[in-house]
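Report on the structure given below.
Everything numeric here is computed off the predicted structure, so don't read it as measured data.
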Amino acid sequence: MFVLIDKNSGGVYAVEKKDTISKVVQCFEEKDDAERYIGLLDADDYEDKLEVFEVNPDVIAFNCSQYGYQYTVISPNDFVIPDIL
């Protein structure tokens, strides 16, 4: 799995759910999809510099549980675009 992390802080990129206060970590099955998502964020002038980081799915699940985040797995068949406010 691949997640996006902030190059400066090392924090994991997470999307805020509009209907709740929870955050969702996006876990990409394919590195190319994660890189494409960064390109879409850059095109929307997202301020933080992100990079793709490979991580074990069990580590993602554990950390999300510890910090009150949710996570979702994005397969190559999914179409995901950023929603920059």
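For the atom pair CG (Asp78) and OG1 (Thr72), the distance works out to 7.5 Å, reported to the nearest 0.5 Å. In this structure, OH on Tyr37 lies 4.0 Å from CD on Gln26, to the nearest 0.5 angstrom. Between the CG atom of Asn8 and the CG atom of Leu50 there is a distance of 10.0 Å, given to the nearest 0.5 Å. Here the straight-line distance linking atom NZ of Lys23 with atom CD of Gln70 works out to 12.5 Å at 0.5 Å rounding. Atom CG of Asp58 sits about 11.0 Å away from atom CG of Asn63, to the nearest 0.5 Å. Within the model, atoms CG of Asp6 and CD of Glu51 stand 8.5 Å from one another, a figure rounded to the nearest 0.5 Å.
Hydrophobic clustering of Ile, Leu, Val, Met, Phe, Trp and Tyr side chains at less than 4.5 Å, counting indirect connections, unites Val55 with Val73. In the hydrophobic cluster analysis, where Ile, Leu, Val, Met, Phe, Trp and Tyr join through side-chain heavy atoms closer than 4.5 angstrom, Leu4 is grouped together with Val15.
Taking the six-membered ring wherever Trp is involved, the centroid distance between the rings of Phe53 and Phe2 does not fall below 6.0 Å.
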Verdict with supporting geometry, Tyr46 and Tyr13, ring pair (Phe, Tyr, Trp, His ring centres under 6.0 Å): CA-CA 12 Å; Tyr46 185 71; Tyr13 173 82; 5.6 Å; yes

Intermediate values then yes/no, side chain to side chain contact (heavy atoms under 4.5 Å, CB included), Val52 and Ile38: CA-CA 8 Å; Val52 177; Ile38 289 174; 3.7 Å; yes

Check against side chain to side chain contact (heavy atoms under 4.5 Å, CB included), Ile60 and Met1: CA-CA 9 Å; Ile60 295 168; Met1 292 288 173; 3.9 Å; yes

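Closest non-hydrogen pair, Pro76 versus Asp33, comes out as CA-OD2, 3.4 Å. The nearest pair of heavy atoms linking Val3 to Cys27 is CG1-SG, 4.1 Å.
For Tyr71, there are no ring-ring contact (aromatic ring centres under 6.0 Å, His included) partners at least two apart in sequence or on another chain.
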